[in-house]
Protein chains: 2
Amino acid sequence: MRVSQAEKERSRDRIVTSAARLLRERGVDGASVADVMSDAGLTHGGFYRHFETKDALVAAALDQAFDQFISTVSRGALTPDPQAAVAGFMKTYLSEGHVAHPGQGCPIPALAADVGRSSPLVQERFSAGVRRMVAAIGHAMPGDDEARRSAAWRQLAMMAGAVMMARTADSPTAAEILTACGGGDS
Amino acid sequence: MRVSQAEKERSRDRIVTSAARLLRERGVDGASVADVMSDAGLTHGGFYRHFETKDALVAAALDQAFDQFISTVSRGALTPDPQAAVAGFMKTYLSEGHVAHPGQGCPIPALAADVGRSSPLVQERFSAGVRRMVAAIGHAMPGDDEARRSAAWRQLAMMAGAVMMARTADSPTAAEILTACGGGDS
DNA sequence: CTTTATGGATGTCACCTATCATCTTTAGGG
DNA sequence: CCCTAAAGATGATAGGTGACATCCATAAAG
């Protein structure tokens with residue numbers, strides 16, 4: 001049955017939110033349109049009233065996933081000591097909780113490889129999210145602009161690589177990786 | 001038609017070699033059994049004479065991919081100066097050539113995310129390959145055993161993360177990432 | 001010359017993206 | 001205030017592709 005425009009807006013939000021989680025949990029191919037719609041409490045038939053293609057959904061979901069994750073990063077960045085904020089973010093990023101729950105985590109270790117094989121639209125949105133993250137991290141790095149940006153790239157690359165590898169490893173190895181890269185045990 | 005056992009062995013090798021490349025290029029879901037068999041010059045009908053399941057092929061292909069890639073790493077490690085060897089390996093790893101050709105590159109940035117969602121068998125084989133790489137890299141690091149291993153994890157995480165992100169980015173951004181992480185332009 | 005097992009051809013079943021007729025309800029003009 | 005056209009949701013379905021199974025012709029092996 002038809003619903004109000006406000007309700008449709010909320011439906012769309014639920015679809016995107018479900019997609020943002022399921023994509024990170026199962027990968028681009030592993031999260032089907034029907035899965036996402038079902039998770040959003042709808043049937044798959046109505047999907048194409050909201051999005052042209054699955055690709056468009058992926059792009060929208062990536063935006064939301066980065067928004068959500070960056071807001072987590074930035075929340076700490078307003079503390080008096082920006083370097084302490086980055087340190088706290090690193091601990092959270094390199095935690096077993098982040099490894100265990102990709103659905104709420106950083107899109108980079110969860111989806112970068114998939115995105116590298118996806119459409120230009122998806123790549124562009126993803127890349128924009130990555131740049132936003134680098135900017136957010138670099139903001140709290142020491143040195144001049146170029147040094148901060150460069151340090152932020154190294155930091156982000158290491159963190160993303162560490163979480164990604166930890167997700168393929170057994171528990172002791174995962175802990176070893178996280179610790180080696182500067183993470184905690186939380 | 002039936003072929004000799006030696007020929008079967010060669011068929012199997014071709015299948016694994018094709019899989020090792022196609023998996024890295026297209027991901028686990030993107031490379032179908034039919035694709036792999038076709039690439040190996042066979043039809044998909046005979047596949048299950050060689051492997052129980054697709055999973056078993058993935059495991060075998062991961063082993064070969066790591067073998068091939070580690071032999072590249074280790075080739076340089078025999079030079080008089082092991083630290084120079086690691087530096088050379090880093091330059092190669094963080095090159096645009098590596099970013100552009102995942103099919104011959106490191107399995108980690110290409111497949112870690114997929115593996116994190118795969119069967120325990122696949123995860124175990126992949127994790128074993130990762131540990132072999134860390135051992136190979138750590139071999140040429142300074143400091144005591146623990147420090148070397150820890151430094152190797154950081155290095156590998158950063159390199160894998162950098163290549164993975166570079167593969168989702170446009171050319172200038174990719175170059176920026178590689179340079180920031182210590183790579184060259186080759 | 002018989003046995004055997006490889007690889008090819010074809011089939012089955014499930015699932016994925018995308019579409020559509022249909023029902024229902026909203027939104028807006030008279 | 002009501003009536004009607006537009007539009008969201010539904011369930012069925014089309015078309016394609018995936019993993020995996022089965023039958024068959026044939027050549028190796030004894």
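Convention: sequence-line order gives letters A, B, ...; per-chain numbering from 1. Worth knowing before you read on, the calculation uses all heavy atoms, side chains too, and leaves out hydrogens, waters and symmetry mates.
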Practice item. Considering only NZ, NE, NH1 and NH2 on the basic side and carboxylate oxygens on the acidic side, decide whether B:Arg10 and B:Asp13 come within less than 4.0 Å. Key: no
Exercise for review: May I ask you to test the A:Tyr93-A:Pro109 pair for a side-chain heavy-atom distance under 4.5 Å?
Suggested key: yes
Point to revise | Letter per nucleotide, 5' to 3', of nucleotides 25-30 of chain C [B base touched, S only sugar-phosphate touched, - untouched; heavy atoms, 4.0 Å] | key: BBS---
Which atom pairs, donor and acceptor, lie under 3.5 Å between side-chain atoms of residues 159-167 of chain A and protein residues at least two apart or in another chain?
from	atom 1	to	atom 2	distance (Å)
A:Arg167	NE	A:Val99	O	3.1
A:Arg167	NH2	A:His98	O	2.8

Can you give each donor-acceptor pair under 3.5 Å made by side-chain atoms of residues 123-130 of chain A, sequence neighbours left out, with the distance rounded to 0.1 Å?
from	atom 1	to	atom 2	distance (Å)
A:Gln123	NE2	A:Val115	O	3.3
A:Gln123	NE2	A:Gly116	O	3.1
A:Gln123	NE2	A:Ser118	O	3.3
A:Arg125	NH1	A:Asp63	OD2	2.2
A:Ser127	OG	A:Arg131	NH1	3.4

Review point. Which residues, if any, of residues 46-56 of chain A bring a heavy atom under 4.0 Å of DNA chain D?
Key: A:Gly46, A:Arg49, A:His50
Review point. Which of residues 11-38 of chain B sit near DNA chain D, with a heavy atom under 4.0 Å from it?
Key: B:Ser32, B:Val33
Check your understanding: Is any side-chain heavy atom of A:Thr43 less than 4.5 Å from a side-chain heavy atom of A:Met37?
Key -> no
Point to revise | Pairing residues for A:Thr53 by the side chain to side chain donor-acceptor pair (under 3.5 Å) criterion, not counting sequence neighbours | key: none
Review point. Would you call B:Asp39-B:Arg14 a salt bridge at under 4.0 Å N-O?
Key: no
Check your understanding: Taking the side chain of B:His44 as its heavy atoms from C-beta onward, which of C:dT10, C:dA18, C:dG8 lies nearest to it?
Key -> C:dT10
Point to revise | Test item: A:Arg149 and B:Glu176 side chains (from C-beta on) under 4.5 Å apart, heavy atoms | key: yes
Point to revise | Contact check, side chains of B:Gln68 and B:Gln104, non-hydrogen atoms, under 4.5 Å | key: yes
Review point. Under 4.5 Å between any side-chain heavy atoms of B:Ile137 and B:Trp153, yes or no?
Key: no
